[in-house]
Each structure stands twice: as structure tokens, then as C-alpha cells.
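Below is one structure, written out as C-alpha cells, with a few remarks after it.
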Amino acid sequence: MRQRKQRETWTTRLGVILAVTGSAVGLGNFLRFPGLAAQYGGGAFMVAYVCAFLFLGLPIAFAEWAMGRYGGMHGHNSSPGIYRVIWKNRIAPYFGVLAMIVPVGIYMYYVYIESWCLAYATRYLLGAMNFGADAQRYKQFFEHFVGLHAHGESLSTPGEGLLGSAVFFLVVCFILNFILIYRGLSKGIEWFCRWAMPALVICAVIVLIRVLTLGTPDPAKPDQNVLNGLGYMWNPVKTPAMLAPGEVPKSFWEGLADPEMWMKAAGQIFFSLSVGFGIIITYASYVKKDDDIALSSLTACAGNEFCEVVLGGLITVPAAFVFLGPQIGSQLSNPFALGFMALPNVFNQMPVGQLFGFLFFFLLFLAAITSSLSMLQPGVALLEEGLGLNRRASVAVLGFITAIGTAIVVVFSKDFVALDTLDFWIGTFAIYLLATFQTILFGWVLGVEKGMAELRRGAEIKIPEFYKYIIKYVTPLYLLVVFFLWLRQNFGVTAAEQNRIRQLFTDPVVGGVAIFIVAVGVLFALLIAQSVKNWRRIEASQEEVVI
């Protein structure tokens with residue numbers, strides 16, 4: 001079959017594990033997870049987080065790996081093609097619109113945040129981030145750098161040159177991503193992840209050691225020590241030393257009763273493991289027939305959890321707590337603010353802070369680029385497989401589409417309006433839809449028996465038998481309940497909850513971004529329609545040869 005002959009494969013098991021782990025390990029591990037854990041009561045959040053991992057993250061990861069390899073063995077690497085193989089229905093490939101628009105849409109703003117990490121790492125390396133003891137100066141720099149106060153503000157660099165240009169670092173990141181994706185699966189993605197992931201872990205361990213040895217830097221503030229910093233995030237109940245002025249303590253059970261916390265934990269698992277992104281199913285389609293995908297899936301999930309819980313959870317919040325105190329809780333609703341506004345002030349007060357500032361933001365950059373790189377492969381797979389484009393043409397088409405979206409994010413930067421709109425409708429709403437669809441596709445269309453048989457072929461580990469019941473019954477129910485609660489929270493009866501919907505019709509920027517999202521979805525639907533025609537033509541020609 002022509003598609004099979006052209007299909008790339010991973011060269012080693014370690015390569016695919018590092019690539020999938022790299023896809024999962026990103027800014028959410030070192031910024032979003034610590035912030036959510038501290039914001040929602042530490043130990044209580046971890047209960048919801050572990051439940052989401054066991055009943056959502058791991059089952060969906062298993063399902064995506066199995067469906068991906070199953071589709072790959074039938075000559076397909078794109079999600080629309082894989083869905084079509086599994087579900088013999090005319091509408092099946094069109095669910096692939098979600099699997100295209102989620103990674104591509106997230107890439108449009110994720111690469112911009114990635115460029116902030118590279119900019120900060122470079123500025124620390126060159127000594128351009130020393131603003132003294134003025135904590136407000138770090139905040140002001142970040143707000144101007146990303147254009148938070150006015151649309152297009154980030155396009156200007158008063159007195160800073162290239163070091164103060166967010167657009168310059170964005171172009172560097174954009175070009176680097178597409179150079180690596182152009183090099184292909186083994187020479188691009190796999191090659192980069194094989195050195196980037198170990199480098200990321202080494203940087204994180206060095207920063208972690210420094211954070212855990214901070215002790216009590218300011219004797220005048222004895223409560224702001226490392227132990228209380230760790231407790232701020234991990235304790236089931238905060239002690240008085242961990243409470244900000246005026247903060248009312250919550251009991252462990254009060255924390256568990258918060259439905260918003262359960263939704264946030266589920267959302268973090270989706271982002272953390274890259275499930276529901278349409279990425280794993282594409283990556284898994286390139287593995288060989290008898291590769292151990294059960295072990296690869298479990299190893300990739302474990303690697304991500306190590307980076308998130310052990311490294312990210314022990315670095316970010318404790319460091320901020322030691323130098324800034326329990327009032328950091330007011331900043332944790334915006335994890336990026338904690339990372340780019342608060343932590344530079346931390347590094348300024350830390351001995352050899354310039355070095356550790358560079359290492360921290362460089363590890364964030366490595367984590368971000370391994371994730372953003374993976375977001376491009378699903379789109380490339382569709383263009384290559386469905387339309388028969390070569391690598392250069394596929395990369396050029398995808399580069400043009402994402403460049404328009406990223407430009408919108410950069411230009412309409414006031415209050416992150418374009419970024420937040422993309423993040424909400426694609427990075428939250430569409431992911432839940434896609435994850436729910438793929439779970440039902442695996443458990444009820446492909447069938448858990450057939451799916452588990454696919455997982456077990458070539459496996460050196462045995463997946464517990466009860467997991468097939470979890471995948472078929474518990475995971476879909478969990479998803480639907482979480483989704484219902486999420487809808488109730490965001491589309492309720494109060495004016496505040498309806499504000500996001502109202503903005504679609506009253507805010508020209510929000511409405512324009514929404515129209516752009518729809519336009520990209522329509523474009524992918526047309527590409528999928530043409531791909532279906534090509535697949536049918538190939539199948540018809542093969543049937544004639546057989547006859």
C-alpha cells in the first residue's frame with residue numbers, strides 16, 4: 001500500500017517515549033500545576049489530581065496509544081484517517097477537525113509564551129534582567145514586553161533593542177519549531193527530544209537543589225522558610241504561618257467539596273499528559289507493529305508526572321513563598337504572572353540568582369518547545385497523508401496558517417484578549433469534546449476487548465483487567481460529569497458567568513478571534529473532505545488490482 005511505504009517510524013523505543021514525554025512536559029508542569037495545587041488547598045487538590053490521573057489521564061492515554069497504532073497498521077497517521085478506520089461511518093473523519101484545530105490552535109499562542117521563556121533565559125544569561133530590589137519593575141517590564149496594556153504594545157522596544165523585543169524572540173522560536181518539524185519524525189522531533197529532555201531534567205534538578213537548600217534567607221521573617229513553602233503547597237490544611245493576612249483557612253473536607261477544584265484538576269491532567277490533543281494518537285501511529293505501547297504509554301505518563309509533581313511541585317511555589325511570603329496566593333490565579341513577574345524578583349534575592357534565573361527559564365523554554373513541536377505533527381500528518389503533499393509543502397501550508405493566528409495573538413495583546421479567547425475555546429472547550437469523543441470511540445466503537453488486545457500485543461507489562469471497565473464506563477461518565485459542571489460554571493445564570501458569551505457579540509476582538517477559529521475549522525474540514533476522496537480513490541484502485 002502506497003501510504004505504508006511512505007510512512008515514517010520512530011527509530012528507538014526511547015525516542016518515542018522521550019518524544020511523547022516531551023509533548024506532555026511543558027509550561028503547565030512548572031507554572032500551572034504548582035499554582036493550582038497551592039490555590040486549591042494543597043493536599044485536597046492532590047486527591048482530585050490523582051483521581052483525574054487514574055480515571056481520565058491514564059485510560060485516555062492507553063486508548064490513544066492503542067487507536068494510534070491500530071490506525072498506523074492500516075496505513076494512516078492522521079487522526080481523521082484513524083477515526084475512519086475505526087468507525088466505518090461517513091462522518092467519522094470529520095471529527096478529526098477537532099483533532100486538527102486543538103493542537104494547531106494551541107500552538108498559535110503557546111509558541112508566543114515559549115518565546116517569553118527564551119527571552120528571559122537570554123536576558124538572564126546576558127545580565128539584562130537585573131532591576132535591583134524593585135519588585136514592581138519586574139512586573140512593569142513583563143507587562144510592556146507582552147503588550148498587556150495596549151494592542152500592539154509588544155511591537156515597540158523603547159531603548160531595549162532586540163533583547164526587549166517579544167516579536168524577535170517569537171520569530172526565533174517560530175523558525176526553530178518549523179526547522180525541526182521539517183527535518184521529520186526521527187531526524188527532527190526524536191533527535192531534539194533525545195537531548196532536550198535530559199537537559200531539561202538536569203536544569204530542573206540543579207534549580208531544585210538550590211531551592212531546597214534556601215533555608216530561611218531572611219531571619220526577620222522566620223516563617224518564610226523552605227519547610228513552610230513546601231507545606232504551603234502540599235499540606236492538607238494550611239497552618240497559620242502559611243495563611244496570607246485576612247485569609248480564612250479551609251478544612252480538608254471543605255476543600256474536597258469544591259467542584260471547581262475537581263474541574264481544574266481534570267483540566268490540568270489533560271494539559272499535563274497531552275491527552276485529548278490529537279497528538280498521542282498521531283505519534284502512536286508511527287510505532288512498529290509489535291512495539292510495547294503499554295510500557296511506552298505508562299513510561300511517558302510516569303515521566304511527565306515526575307517532571308510535574310516532583311520537579312515542578314518542589315521548585316516554583318516554595319521558592320516564591322520563601323522570598324515573597326503567603327501573599328503569593330493572590331497571584332496564583334494567573335500562573336504565568338507568578339512565573340514571569342514574581343520569580344524574577346525571587347532570583348534577584350537569591351545568591352547567584354542570575355545563573356539560576358537563566359537555568360529556570362531555559363528549562364521552561366526546553367519544556368515549551370518539546371510541547372509546541374508536537375502540536376505541529378498532527379497537521380503535517382494530514383497534509384502529507386491525505387493530500388499527498390511533500391514535507392516542504394506541508395510545513396509551508398501549516399506555517400502560513402499558524403503564522404496568521406500567532407500574529408493575531410501578538411497584535412491584539414491588551415489584557416491577553418486574543419490569547420485568552422483561543423485558550424478558552426480551543427484549549428479548554430474543544431479538548432473536552434475531543435477527549436470525550438475519543439474515549440467513546442475506543443470503548444464503544446472499536447470495543448474495549450479489541451482495544452485491550454491491541455494494547456497487549458508485544459507488551460512486557462500486563463495492564464490490569466479492570467481498566468477495560470474504567471475506560472468503557474468510568475472515564476466517559478467522569479468526563480460527562482466534569483463537562484456538565486464546567487458548563488454550569490461558565491454558562492450559568494449570573495452576569496459574570498455569561499460575560500464570555502456576551503463578549504463574542506460585543507467585543508470586536510473576541511468576535512474576530514472566534515470567527516478566525518471557525519474559519520480554521522472550516523479549512524480543516526475541507527482538507528479532510530479532499531483527503532477522504534483521495535483515500536477512496538486509493539482503496540478503489542487497490543480493489544481493482546486484487547480483482
Side-chain angles (χ1 to χ4, degrees), residues 4 7-25 53-77 79 82 85-86 184-187 189-198 201 269 272-308 370 374 377-378 381 438-439 441-443 446-472 475:
R4 285 191 183 184
R7 189 168 65 93
E8 292 184 279
T9 59
W10 303 101
T11 56
T12 64
R13 179 192 294 182
L14 177 63
V16 66
I17 290 173
L18 290 177
V20 176
T21 305
S23 167
V25 175
F53 174 77
L54 293 176
F55 299 122
L56 291 182
L58 200 54
I60 297 176
F62 283 148
E64 290 193 12
W65 275 86
M67 291 191 295
R69 185 172 68 175
Y70 181 84
M73 293 302 101
H74 288 78
H76 290 283
N77 301 120
S79 295
I82 294 171
V85 166
I86 295 173
L185 199 71
S186 59
K187 295 181 180 180
I189 298 174
E190 183 175 352
W191 170 82
F192 182 77
C193 290
R194 287 183 71 172
W195 74 262
M197 287 305 299
V201 172
I269 284 295
S272 179
L273 297 180
S274 286
V275 295
F277 274 60
I279 294 173
I280 293 178
I281 197 170
T282 298
Y283 272 15
S285 71
Y286 294 100
V287 302
K288 299 179 179 66
K289 180 178 179 181
D290 294 319
D291 283 351
D292 186 351
I293 59 173
L295 182 61
S296 297
S297 176
L298 189 60
T299 304
C301 289
N304 174 78
E305 293 308 298
F306 172 79
C307 290
E308 179 156 290
T370 54
S374 70
Q377 185 59 30
Q438 291 190 152
T439 303
L441 185 68
F442 179 86
L446 178 64
V448 289
E449 297 296 342
K450 192 173 184 179
M452 294 299 286
E454 182 69 36
L455 272 173
R456 290 171 180 144
R457 190 174 73 246
E460 297 177 8
I461 63 170
K462 183 178 180 180
I463 299 176
E465 186 72 13
F466 64 81
Y467 249 100
K468 70 181 183 182
Y469 301 106
I470 290 177
I471 294 174
K472 186 171 183 177
T475 300

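As a basis for the values below, the full set of heavy atoms in this structure was taken, side chains included, without hydrogen atoms, waters or symmetry mates.
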Q) Is a side-chain N or O of Arg456 found less than 3.5 angstrom from the main chain of Lys462, in a donor-acceptor match? A) no
Q) Does a side-chain heavy-atom distance below 4.5 Å link Phe192 with Thr370? A) yes
(Q) Checking Lys472 now: which residues fulfil side-chain hydrogen bond (donor to acceptor under 3.5 Å, both in side chains) with it, not counting sequence neighbours? (A) none
(Q) What I want to check is whether the side chains of Glu190 and Tyr286 have a donor and an acceptor closer together than 3.5 Å. (A) no
Q: Tell me, please, which residues at least two apart from Glu449 pass salt bridge (charged side-chain N to carboxylate O under 4.0 Å, His left out).
A: Lys468
(Q) Once rounded to the nearest 0.5 Å, what's the spacing between atom CZ of Phe55 and atom CD1 of Ile470? (A) 5.5 Å
Q.
Quick check on side-chain contact (heavy atoms from CB on, under 4.5 Å): which of Leu273, Val20, Ile60 does Ile280 satisfy it with?
A. Val20
Q. Which atoms form the tightest heavy-atom contact between Gly303 and Thr21, and what is the distance?
A. C-CG2, 4.0 Å
(Q) With rounding to the nearest 0.5 angstrom, report the CG to CD1 distance, Leu295 to Ile463. (A) 10.0 Å
Q | Which atom of Ile86 lies closest to which atom of Leu446, heavy atoms considered | A | CG2-CB, 3.6 Å
Q. Should the ring pair Trp191 and Trp195 be called parallel, tilted or perpendicular, given that the plane angle runs from 0 to 90° and is split at 30 and 60?
A. perpendicular
Q.
As a quick check of understanding, evaluate side chain to side chain contact (heavy atoms under 4.5 Å, CB included) for Tyr70 and Ile82, giving each step before the final call.
A. CA-CA 8 Å; Tyr70 181 84; Ile82 294 171; 5.9 Å; no
Q: List the steps, then state whether side chain to side chain contact (heavy atoms under 4.5 Å, CB included) holds for Cys301 with Phe53.
A: CA-CA 9 Å; Cys301 289; Phe53 174 77; 4.2 Å; yes
Q.
Quick check for you: to the nearest 0.5 Å, what is the distance between Ile269 atom CD1 and Leu56 atom CG?
A. 8.0 Å
Q) If you take all heavy atoms of Leu58 and Leu298, which pair is closest and at what distance? A) CD1-CD1, 4.1 Å
Q: Looking only at non-hydrogen atoms, find the nearest pair between Asp292 and Ala459 and report the distance.
A: OD1-CA, 3.2 Å
Q.
Quick check: closest heavy atoms across Phe62 and Ala294, and the distance to 0.1 Å?
A. CE2-O, 4.0 Å
**Q.** Side chain to side chain, Val25 and Glu308, heavy atoms closer than 4.5 Å
**A.** no
Q.
Please check this pair: side chain of Asp290 against backbone of Arg457, looking for a donor-acceptor N/O pair closer than 3.5 Å.
A. no
Q. Mind checking whether Val287 and Trp65 have side chains closer than 4.5 Å, heavy atoms only?
A. yes
Q: Compare every heavy atom of Ile281 with every heavy atom of Ser79, then report the nearest pair and how far apart it is.
A: OG-CG2, 3.3 Å
Q. Can you tell me if Asp291 and Ser296 form a side-chain donor-acceptor pair at under 3.5 Å?
A. no
Q: Provide the full list of salt bridge (Lys or Arg N to Asp or Glu O under 4.0 Å) pairs with a residue in residues 55-71, sequence neighbours left out, each pair given once.
A: Arg69-Glu454
(Q) Please determine whether side chain to side chain contact (heavy atoms under 4.5 Å, CB included) holds for the pair Met73 and Ser285, giving the CA-CA distance in whole Å, both sets of side-chain angles, and the decisive distance to 0.1 Å. (A) CA-CA 7 Å; Met73 293 302 101; Ser285 71; over 6 Å; no
Q.
Between Thr282 and Pro378 (side chain of the first, backbone of the second, donor and acceptor by atom type, cut-off under 3.5 Å), is there such a pair?
A. no
Q) OG1 of Thr475 to OH of Tyr469: how many Å apart, nearest 0.5 Å? A) 14.5 Å
Q: Scan side-chain atoms only and decide if Ser274 and Ser23 contain a donor-acceptor pair under the 3.5 Å cut-off.
A: yes
